[in-house]
Every structure is written in C-alpha cells, then in structure tokens.
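Both counts, for ligands and for their atoms, begin at 1 and track the order of listing. What you are looking at is a predicted structure, and each value in this text was computed from that prediction instead of being measured.
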Amino acid sequence: MRPNKAELIEMLSLHKPDELEALYKQAYQIKKETVGTKVYFRGIVELSNICTKNCYYCGIRKDNSNNNRYIISKDEVLEAAEWAWKQNYGSMVLQSGEREDAWYISYVNELLQDIHELSRGELGITLSLGEQTEETLKLWQASGAHRYLIRIETSNPELYKQLHPADHSFERRLQTIRTLKKLGWQTGTGVMTGLPGQSVEDLANDILFFYDEDIDMLGMGPFIPHKDTPLGHLVEGFDQELALENGLKLIATCRIALKDINIASTTALQALNPTGREMGLLAGANIIMPNITDTKYRSNYQLYEGKPCLDENASECVHCLERRIESIGETIGYKEWGDSPHFNKRQ
Ligand code: SAH
Ligand code: SF4
C-alpha cells in the first residue's frame with residue numbers, strides 16, 4: 001500500500017526521546033517480521049576518488065584540489081575481494097567517483113570478471129559508480145555485478161538544482177535508476193537528510209519516491225558538511241546529535257513504510273557516533289558495509305569530514321564489529337548474498 005504522506009510527516013517530525021524510542025521499536029518489530037534480524041555484510045572498496053563531477057556537498061568533487069587523486073590497482077582490489085570472500089562476507093561493493101571514459105569502463109569490467117572468477121561466483125558484487133549509460137550497465141551486469149546503488153540525493157528537482165552545478169542532471173540520475181530496474185539489477189537508491197533547504201515534506205516525498213520507483217535497497221545518511229566544498233560554511237554550527245537523530249528517524253520511517261527492502265546502516269552514522277551503525281540496525285536497518293579499502297587511501301576518500309576508521313584496517317575492525325552486532329542480539333549472514341526479499345518477490 002502506498003504510504004500515507006501525512007503519517008510520514010508525522011513520524012519524521014518526532015523529536016521527544018520517548019516518542020523516538022517508540023518509533024525505533026515499531027520499526028524494529030517490522031524489520032523482524034519482514035527481513036529478520038540477520039545482518040548482511042558488504043565489504044566496500046573505495047576504488048577511486050577521481051570524479052568528473054562537482055556536487056556541492058562532496059569532499060571528493062573535481063574542483064577540490066586538497067585530495068591526492070588515486071585509483072586502486074587491480075591486484076590490490078583483488079586482494080581485498082579475496083580477503084572479503086575468505087572472511088565469508090556474502091558480498092562486496094565497488095564505489096568510486098563518477099567517470100564514464102572507455103578505459104575506466106573496461107577496467108571495472110575486468111575487475112568484475114576477475115572477482116567473479118576468484119570467488120567462484122560466490123561473492124555478490126554491488127556497484128556504486130554513479131550515472132552510466134545503458135550499454136555500460138549491460139556490460140557490467142554480464143560480467144557478474146547484480147546490485148547497484150545510486151542515490152537520487154533528493155527527489156525534489158528544485159533542491160537537486162541548488163545542490164549541483166547547472167550541468168548536473170536530476171533527470172539523468174533518475175533515468176539511471178530506471179534503466180537499472182529495467183535491466184533487472186537489484187536497485188538501490190537513497191537521499192541525504194539535513195541538506196540545506198530540505199523540509200520534512202521533502203523527506204516524506206523521498207519515501208513516496210522510493211515506493212513509486214519500487215526500490216529494492218536503500219542507503220541513506222545524514223549530510224555532513226566538508227570544509228573544502230561550496231557548503232563548507234555549514235561546518236560551523238553543524239549539530240552532530242541532531243544529524244544522527246534525523247538519520248535514524250529516516251531509517252525507521254522507511255522500514256515502517258516500505259517493509260521488505262534492504263536498508264543499509266551507513267558509515268555516516270558511525271561518523272557521528274562510534275556506535276551509530278548499531279543504532280541504525282536497532283532503528284530498522286539490516287545491512288552493514290564494512291570498509292575494506294587499504295588504509296593508505298582512506299584520507300583521500302573523505303566524502304564528508306570525520307569519516308571513521310582512517311587508520312584501522314578491515315581485519316582489525318572485523319571482530320569488534322561482530323561482537324557489537326552480537327551484543328544487540330543479532331546474527332551475521334555469513335556466506336549469504338542476503339538479497340532483499342522485495343527484489344526476490346519482484347523476480
Ligand atoms: N560517485 C558516486 C558514488 C560515490 S558518492 C555517486 O555519486 O553516486 C556516494 C554518496 O556519498 C553520494 O551518493 C552522497 O549521498 C554521499 N555523500 C557525498 N557527500 C556527502 C556529505 N558531505 N555528507 C554525507 N554524504 C555525502
Ligand atoms: Fe563525485 Fe559522487 Fe561526490 Fe558527486 S557525490 S562529487 S558524483 S563522488
């Protein structure tokens with residue numbers, strides 16, 4: 001059933017601690033009934049910070065010259081993939097800045113084929129590589145990737161315009177989502193909360209957008225200002241606690257409204273509170289994307305400020321994460337892809 005907008009606005013407007021607690025509890029109950037309490041890991045490799053775009057909020061936008069630009073070599077990506085596979089992670093994610101040149105498209109394609117081969121097809125592969133043509137998406141799909149994450153960032157085209165330069169197109173981003181769905185990818189999108197100029201009604205419309213586009217997965221998180229961006233003036237006065245609350249509230253409301261989709265508890269939550277991702281699980285999320293990028297690259301992949309685990313590598317993180325998940329009474333779906341039940345029903 002299409003969610004009721006007034007009810008969404010009501011949930012998204014809650015602020016009293018006891019009311020928020022009740023919202024998270026309700027979302028957790030629905031999570032239990034629809035997707036269960038198994039958490040799925042997707043090890044994420046931040047493949048490259050080279051980006052052709054200039055989103056006003058993002059720390060790796062093209063015009064930020066305070067980054068050393070890198071692209072991880074094939075050997076290193078395969079090493080990370082092998083590590084994730086041997087840790088029994090069900091899946092991995094390749095994320096990077098956006099580019100569409102022929103060399104890059106075929107580089108990604110080779111990576112997909114090699115990862116598929118080394119893990120004997122066992123490791124699920126998610127891509128988060130921005131807007132691409134139908135032809136490219138078909139190529140990558142044929143080489144073994146099956147999920148794609150591309151956030152619409154905001155479903156309000158006017159607000160989108162305010163957050164991007166004139167040559168960035170809301171329509172094209174939307175088209176990529178629709179093409180992915182048409183080609184049969186398991187499709188994820190999402191938005192940031194707390195964007196300058198964003199209203200509660202915008203967020204309610206975002207959730208209706210997810211419903212109308214029949215989305216399988218969501219990755220959402222609070223906007224966290226970065227000093228070397230056009231929105232850098234917002235660093236001063238940024239309220240971490242409020243940002244965390246808004247991020248959790250959006251997860252909970254999406255779980256209640258959309259039910260059987262996969263929802264990631266994102267790193268941005270962890271940036272705001274060391275246990276932010278566990279809080280996300282308790283508010284209705286069921287996916288965690290542990291960062292498995294070699295630590296030497298991480299300071300150059302700061303989409304926002306305060307990204308955690310700058311100098312802690314994946315093998316150091318793995319046991320503490322496991323313990324923390326067990327401490328909230330959940331289990332980890334090792335060796336399982338953990339596709340969204342929503343996607344499976346659609347097939
Ligand atoms: N280039 C690809 C993938 C990398 S960016 C793309 O744009 O899809 C991944 C996500 O990081 C973006 O979708 C955006 O929602 C998020 N992001 C960028 N800057 C951010 C910030 N300052 N605070 C929080 N999230 C941010
Ligand atoms: Fe590039 Fe993605 Fe950042 Fe936009 S959000 S500047 S596309 S990395």
Assess whether a salt bridge exists between [X] and [Y], defined as any Lys/Arg side-chain N lying under 4.0 Å from an Asp/Glu carboxylate O.
{"X": "Arg61", "Y": "Asp228", "value": "no"}
{"X": "Lys53", "Y": "Glu153", "value": "no"}
{"X": "Glu33", "Y": "Lys259", "value": "no"}
{"X": "Lys25", "Y": "Glu21", "value": "no"}
{"X": "Asp216", "Y": "Arg147", "value": "no"}
{"X": "Glu213", "Y": "Arg178", "value": "yes"}
{"X": "Arg99", "Y": "Asp101", "value": "yes"}

Within-cut-off N or O pair, [X] and ligand 1, under 3.5 Å:
{"X": "Tyr301", "result": "no"}
{"X": "Glu153", "result": "yes"}
{"X": "Ile150", "result": "no"}
{"X": "Arg173", "result": "yes"}
{"X": "Tyr57", "result": "yes"}

Q) Which one of Cys51, Ser96, Gly130, Gly194 has a non-hydrogen atom at the shortest distance from atom 1 (N) of ligand 1? A)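 Ranked by closest heavy atom to atom 1 (N) of ligand 1, first place is Ser96.
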
Q | Per-atom contacts, ligand 1 versus Ser128 - under 4.0 Å to a heavy atom | A |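 That gives atoms 3 (C) of ligand 1.
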
Q.
Within the protein, is there a heavy atom lying under 4.0 Å from atom 6 (S) of ligand 2?
A.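 Protein heavy atoms within 4.0 Å of atom 6 (S) of ligand 2 - there is at least one.
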
I need the contact type for [X] against ligand 1. Using non-hydrogen atoms and a strict under-4.0 Å cut-off, is it side chain, backbone, both or neither?
{"X": "Gln95", "result": "side chain"}
{"X": "Met192", "result": "side chain"}
{"X": "Ala268", "result": "neither"}

Q | Leu149-Leu139 co-clustered via ILVMFWY side chain contacts under 4.5 Å | A |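 Shared cluster, no.
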
Q | Cluster overlap Leu218 with Leu8, hydrophobic side-chain contacts below 4.5 Å | A |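 Yes, it is one cluster - the side chains of Leu218 and Leu8 are joined through contacts under 4.5 Å.
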
Q.
Which residue is it: Lys31, Arg324, Lys32, Arg323? I am looking for the one with a salt bridge (Lys or Arg N to Asp or Glu O under 4.0 Å) to Glu330.
A.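 Testing each of Lys31, Arg324, Lys32, Arg323 against Glu330, the sole residue satisfying salt bridge (Lys or Arg N to Asp or Glu O under 4.0 Å) is Lys31.
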
Q) Under 2.8 Å from atom 1 (Fe) of ligand 2, which protein N/O/S atoms are there? A)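 Listed by chain and number, the nearby protein N, O or S atoms are Cys51 SG.
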
**Q.** Aromatic ring proximity, centroids under 6.0 angstrom, Trp83 and Tyr89
**A.**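 Centroid distance Tyr89-Trp83: below 6.0 Å, so yes.
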
